[in-house]
Protein chains: 2
Amino acid sequence: MSRSARSGTREEILDAASRLFAATGFKGTSLQDIAGAVGCSKAALLYHFDGKDAILTELLAPAVGAFEELEARLAALDDGAVRLAAVEGFVDLVMRFRREVTVLYGDLPDLLQRPAFAGVQEMKDRLLDALAGRSPAPAARAAALMVLGGVPVVCMEPCGIGDAELRSALVRGAARALDPSGV
Amino acid sequence: MSRSARSGTREEILDAASRLFAATGFKGTSLQDIAGAVGCSKAALLYHFDGKDAILTELLAPAVGAFEELEARLAALDDGAVRLAAVEGFVDLVMRFRREVTVLYGDLPDLLQRPAFAGVQEMKDRLLDALAGRSPAPAARAAALMVLGGVPVVCMEPCGIGDAELRSALVRGAARALDPSGV
DNA sequence: TCAGTTCCTGACCGATCGGACAGTTTTCGG
DNA sequence: CCGAAAACTGTCCGATCGGTCAGGAACTGA
């Protein structure tokens, strides 16, 4: 067992950073803040990571990977089934990676500019397409965008209801919003 | 006519600031950036405004006022009519104040902490209540939160469809999401 | 024309940022 | 027990931040 795996400082840093990034944003959190939360020096962070950006990318990697998997799964579905699958998969992932999604949404505009997250923009576009049931209709795309932006907002809020109940409420609410045969 | 009203520098500052704040966030925009966009010195900004925060608050004041008016109007409605009125009013205001809402949502978490925007949090809560048709049911509140967070996201995106069409798509999509008798 | 107000500039300030670096403590295999 | 690698610290750096200040230009009413 390697030494680094035992001490766990690296994981502590990632945990503290994700909490702080989610609470005050990436730009709003300094290396000093993270070091203080972990209980080490700022230089220790830069020993474990190549810089502030490296902490962010490593932090978001699992979530990004999971969303890429979801997309691969959705790509295999036909137009009829993709909408509901996209809704359920999206809600599940956002809930599972609450903190990471909060971080990502918190500084979205300028985070997307970074070359490291160039793929996120395309990922968002493909997910939007799936939520719209691959329909090019403006109304369908607007509704899909509303779901894409709205679901994370709900998950960020500590709304005091259980995960199972929240999940079902979100899936049904989003499905209603995306239902082209609705009101 | 006062001298300041003629030169219009003050308005230029507010316009440039709102554009930059919306594009790169409040924290992500420096006074230098604004001065550069306006074509004046950084000191000129601080001659017209008491500080960076003062620019933000003055920028957001018309939007905040409009949302307060909306709430006052909603408060007079009974539980049956409040939901649809809230959806239409909310969509209208978000579209009218696109840029301001983008700024507000871009740095929401830490902006809400500011004493100057203490009222915004309560405003959000009351609007949420109205969108949920004043229902305390967790599912209704989750759907309302989804709409509250999702509609601004759609308006920020330059989605290339006309305002009228976008408005109708948003109102209908949001109404579907909030419909308790739906799917 | 001239005093007075408004408008604006360049230079400067302390604080804080992300990061670099040399040196010290801690840990572990042999 | 010891030498080497790993883990970490204190200190310093240049850049940039929001904000201050004294003074100069530009316009105004008399």
Side-chain angles (χ1 to χ4, degrees), chain A residues 1-21 23-60 103 106-107 109-111 113-117, chain B residues 1-21 23-60 103 106-107 109-111 113-117:
Chain A
M1 180 191 239
S2 80
R3 192 116 135 268
S4 59
R6 191 129 33 111
S7 83
T9 304
R10 209 185 151 85
E11 283 67 29
E12 279 182 49
I13 293 172
L14 287 174
D15 185 66
S18 72
R19 220 166 335 107
L20 289 169
F21 287 164
T24 60
F26 177 72
K27 286 189 306 252
T29 303
S30 69
L31 293 180
Q32 207 67 256
D33 294 334
I34 303 173
V38 173
C40 67
S41 72
K42 189 180 59 168
L45 307 183
L46 296 163
Y47 168 76
H48 286 286
F49 298 92
D50 283 342
K52 197 185 176 186
D53 287 16
I55 298 179
L56 179 69
T57 57
E58 184 156 333
L59 197 55
L60 261 30
V103 173
D107 287 84
D110 36 299
L111 247 44
Q113 315 271 28
R114 282 179 160 71
F117 297 115
Chain B
M1 184 191 239
S2 79
R3 190 121 130 262
S4 59
R6 193 140 19 125
S7 83
T9 304
R10 208 185 153 87
E11 282 67 30
E12 281 183 48
I13 293 172
L14 287 175
D15 184 65
S18 73
R19 219 167 334 107
L20 289 169
F21 287 165
T24 59
F26 178 71
K27 284 190 305 248
T29 303
S30 70
L31 293 179
Q32 207 69 256
D33 294 333
I34 303 172
V38 173
C40 68
S41 72
K42 189 180 62 169
L45 306 183
L46 297 162
Y47 167 76
H48 287 285
F49 298 92
D50 284 342
K52 198 186 177 186
D53 287 17
I55 298 180
L56 180 69
T57 57
E58 185 155 332
L59 197 55
L60 261 29
V103 174
D107 288 87
D110 37 297
L111 246 46
Q113 314 271 28
R114 282 179 159 69
F117 297 115

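FYI, side chains are in, hydrogens and waters are out, and symmetry mates aren't considered; it's all heavy atoms of this structure.
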Exercise. Does the side chain of A:S30 get closer than 4.0 angstrom to OP1 or OP2 of C:dT16 through an N or O atom?
Worked result: no
Problem set entry | Residues that B:A116 engages under side chain to side chain contact (heavy atoms under 4.5 Å, CB included), provided they are two or more places apart | B:T57
Exercise. Over how many whole Å does the gap from A:L46 atom CG to D:dA6 atom P extend?
Worked result: 18 Å
Exercise. What pairs of residues pass the side chain to side chain donor-acceptor pair (under 3.5 Å) test when at least one of them lies in residues 31-40 of chain A, not counting sequence neighbours?
Worked result: A:S30-A:D33
For this session: Return the value, rounded to whole Å, for the distance between atom CG of B:D53 and atom P of D:dG18.
Result: 10 Å
Problem set entry | N/O (side chain, B:T9) to phosphate O (OP1/OP2, C:dC8) under 4.0 Å | yes
Exercise. Whole-Å distance between C:dG18 P and A:H48 NE2?
Worked result: 18 Å
For this session: Grab the CG-P distance between A:L31 and C:dG18 for me, whole Å please.
Result: 4 Å
Exercise. Is the shortest heavy-atom distance from the side chain of B:I55 to the side chain of B:D50 under 4.5 Å?
Worked result: no
Problem set entry | Length of the line joining A:F21:CZ and C:dG18:C1', which is rounded to integer Å | 12 Å
Exercise. Does B:T24 have any side chain to side chain contact (heavy atoms under 4.5 Å, CB included) partners at least two apart in sequence or in another chain, and if so, which?
Worked result: B:T29
Exercise. Got a sec, which residues hit side chain to side chain donor-acceptor pair (under 3.5 Å) with A:D15, two or more places apart in sequence or on another chain?
Worked result: A:R19, A:R99
Exercise. For B:Q32 and D:dA15, what is the distance between atoms CD and C1' respectively, to the nearest whole Å?
Worked result: 12 Å
Seminar exercise, completed: Atom CG of B:L45 and atom C1' of D:dC17 are separated, to the nearest Å, by 14 Å
Each nucleotide N or O in nucleotides 10-13 of chain D that has a protein N or O under 3.5 Å away: list the pair and distance.
none

Problem set entry | side chain to side chain contact (heavy atoms under 4.5 Å, CB included) partners of B:E58, counting only residues at least two apart | B:R10, B:L14, B:F49
Exercise. Listed in order of residue number, which residues of residues 12-20 of chain B have a non-hydrogen atom at under 4.0 Å from DNA chain D?
Worked result: none
For this session: Hey, could you give me each pair passing salt bridge (Lys or Arg N to Asp or Glu O under 4.0 Å) that has a residue in residues 34-43 of chain B? Not counting sequence neighbours.
Result: none
Exercise. B:K52 has an atom NZ; how far is it from atom P of D:dG19, in whole Å?
Worked result: 8 Å
Problem set entry | side-chain N/O B:Y47 vs C:dC8 OP1/OP2, d < 4.0 Å | no
Problem set entry | Non-neighbouring partners of B:D107 that pass side chain to side chain contact (heavy atoms under 4.5 Å, CB included), sequence neighbours left out | B:F26, B:K27, B:D110, B:L111
